[in-house]
Amino acid sequence: MKNTSWHARIDCGGEVGAGFLVSARHVLTCAHVVRDSAYHPVTVTFPHHRELTSVRATVTGHGGWRGRHDDPGDLAVLELERSVPVAPAEFAAPDDAYGEPRPRLIVYGFPHGYDEGTIAEYRVTAAQLIASEWVQLEAWSAHGQRLAPGFSGAAVALADTGRVVGMLSAADGTPDILSGRMLPNSVMSRYWPRLAELVRPPSHAPSTAERLRELVGKAADTEFARNPERLYLDAAGPFGPPVPEGGFDSLWAAAWYLLWEVGEPEAATRFADRLAALLDARLRPAPATTCAGPGHTPCHAAPGATAPGPPVAGPAWTPILIEIEHSGGDTDQVLVTVSAHHEGRRHPVDSRTLHRSEVRAHVQEHIEEAFWHLPPGADELIAFVLPREWLNEPVAHWQRSADDPTPLGCSYPLVVTDRSRRTGGLRHQLVRKWDRLGGRASATLHRVECGTSEKPGRLRFLLRRDEADLAGFAAAPTAPRVRPHFEASLNAPAPILVWPRTGCEHGDHDEAEACAGTDFLDRLAEYLDGLPPAELPRHVLALRESAEASDAPERHWARDVQLLWDDPRCFPGAAAAPRLSPVSPAPHLSPVIR
């Protein structure tokens, strides 16, 4: 065996183990070997260099091992108090230990009675990782030295070249055995990023490994480093390996796992691209203006900035969908599914059955998670896909999170859609309507007054003939005289509906009588003039911000504006309901619970 001078003996209290030098001042060993380093000194001896005295060392890196023999992360990085004139270990190529026939591997340890060390010969049983952590070893012959306490932390090296393929991991008290477990180089590098500079990555991605090291270093103190699982799942895709049990303790662990353990080479590249884009977006300055629309004061205008006119073509919205449907026979039990959608791909975030009272807090928690699946710079759109009787729910007023009281509707473009229109003929008709409507510079508004004498059938006729694009209501859909027209608009189907969620709740007076609903429609018509239909979610966001920022928000005409904006080209079809939790149809629109 060549180049063996880097073997080391580790003493810590009453524990003896092995280790190996990887730089002039760093030695790797098992975490359990130095478990008592807080109470006892750690000393390192190099048996092949008798002229060197023992060197004190400090534990400066740890794989997260928690004390059990089968816990992952049984790796410790020791920093010597001084450099030593010893050539460090060299590392083998990723597949060198798994060839056929299996190569002979040498393990140099310090079991009881062998203070100077002894050698055991082993080979890899199979290339497959056990619990995403270990490679199994088996004895080269039935008559050689068996593994025992004192071998823990020893380098596992190729007998012919001396290059290291991994580290022996054996917990204290393990009896003599004919097999053992090894942390391969890839797993050790997952726990200690600096080792990746020495270990050659898989042949398909040497440049990706270098790029990952650089990006992870830049992201070390950012919010992205605190949620490595989210970036991993986005890169691995819906059919990739799940997050290993226990998750990742660092962003680097997730990146390195993708590079080594995920069979798709492009996964690590996607991870790097996504992280680079997030870091770039984090440094990018915010836009100078957010326009409130023609004839209105901009909500966020930089000093001296001029609000630009609205473009004809709308943005390519990237939606976050919150889909709510009844679950079982109890109308207060609902299935809530949160997902992000980009380029036709659904990124599930969470799906569970909840009581109606639990929905708001659940949505607040998981909307933020969904944002991790959106590309930087995307035009996000929060879309609530609701049962028909929930369409008047004040979702725009739900606070952004438990720690941020800003209303959701003042944080993001937010719309509601009718769940019953997500499939079948109504969806088909909506697609056709948006093909004609999407590029227009303005939408045609049809007014539905509180005391309207218009028959619902006529409204349906106008909407189906495309003589009206947008139905505006003077009262909420719970008002008895408005409800039939609202139902007709949904079934026509109208691509856009706008109404005041509160205000004239009865809607049973004559059209000639003045009311807040009439004022709402007058102001709405003025506001919508010249606004492209495809851009309405953005402009309603600005309108909500204007209302919230006014001196008397509770009296602002648009305080409770609700926008049903339904472009199926942006949204996928509804998620299917669980077979054991059938959807209960709602017989009619019921008053909203505020």
Side-chain angles (χ1 to χ4, degrees), residues 94 132 186-187 189-197 199-244 247-287 315-321 338-350 366-382 412 570 572:
S132 301
S186 59
V187 173
S189 299
R190 191 195 308 165
Y191 294 124
W192 191 45
R194 285 193 58 185
L195 189 62
E197 300 174 7
V199 175
R200 281 182 283 177
S203 58
H204 66 262
S207 59
T208 302
E210 182 177 349
R211 184 178 177 219
L212 283 171
R213 283 196 296 271
E214 179 183 351
L215 290 169
V216 169
K218 291 180 179 179
D221 298 322
T222 69
E223 62 272 25
F224 315 127
R226 296 190 289 272
N227 295 280
E229 288 81 9
R230 295 175 180 176
L231 274 172
Y232 170 84
L233 289 171
D234 191 45
F239 304 109
V243 174
F248 300 110
D249 60 0
S250 68
L251 192 60
W252 173 253
W256 197 249
Y257 188 85
L258 276 169
L259 193 67
W260 280 83
E261 310 301 340
V262 176
E264 183 187 4
E266 292 77 16
T269 302
R270 285 198 297 270
F271 186 99
D273 290 344
R274 175 74 166 133
L275 183 55
L278 287 170
L279 291 171
D280 180 65
R282 194 171 185 266
L283 298 175
R284 191 182 305 147
W317 295 109
T318 305
I320 292 174
L321 260 60
V338 180
S339 55
H341 299 262
H342 176 54
E343 295 181 348
R345 295 180 62 188
R346 178 188 291 266
H347 299 276
V349 175
D350 190 87
H366 290 92
I367 278 182
E368 291 302 311
E369 292 185 38
F371 270 93
W372 282 85
H373 297 291
L374 303 189
D379 284 303
E380 73 276 2
L381 176 67
I382 308 298
Y412 315 109
C570 296

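This structure is a prediction, so every number in the text was calculated from the model and none was measured.
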Task: Contact summary for Tyr412 and Glu380, nearest pair of heavy atoms - done: CD2-OE2, 3.7 Å
Open item on the list: Apply side-chain contact (heavy atoms from CB on, under 4.5 Å) to residues Val349 and Phe371 and explain how you reach the verdict.
Closed with: CA-CA 10 Å; Val349 175; Phe371 270 93; over 6 Å; no
Task: Criterion side-chain contact (heavy atoms from CB on, under 4.5 Å) on His347 and Ile320, from CA distance to verdict - done: CA-CA 9 Å; His347 299 276; Ile320 292 174; over 6 Å; no
Task: Closest non-hydrogen atom pair, Phe271 against Ala254 - done: CE1-CB, 4.3 Å
Task: Which atom of Leu374 lies closest to which atom of His341, heavy atoms considered - done: CD2-O, 4.5 Å
- [ ] Tell me, with the steps shown, if Leu258 and Leu212 meet side-chain contact (heavy atoms from CB on, under 4.5 Å).
- [x] CA-CA 11 Å; Leu258 276 169; Leu212 283 171; over 6 Å; no
Task: Heavy-atom closest contact (Ala276 atom, Arg211 atom, distance) - done: CB-NH2, 3.9 Å
- [ ] Examine distances only and state if a side-chain atom of Trp252 and a backbone atom of Ser189 form a donor-acceptor pair shorter than 3.5 Å.
- [x] yes
TODO: Could you tell me the separation between the CZ atom of Arg213 and the OG1 atom of Thr208, rounded to the nearest 0.5 Å?
DONE: 11.0 Å
Open item on the list: Return the OH to CG distance between Tyr232 and Leu251, rounded to the nearest 0.5 Å.
Closed with: 13.5 Å
Task: Shortest non-hydrogen contact from Ala255 toward Val216 - done: CB-CG2, 4.3 Å
- [ ] Give the minimum heavy-atom separation between Ala370 and Ala340, together with the two atoms involved.
- [x] O-CB, 3.6 Å
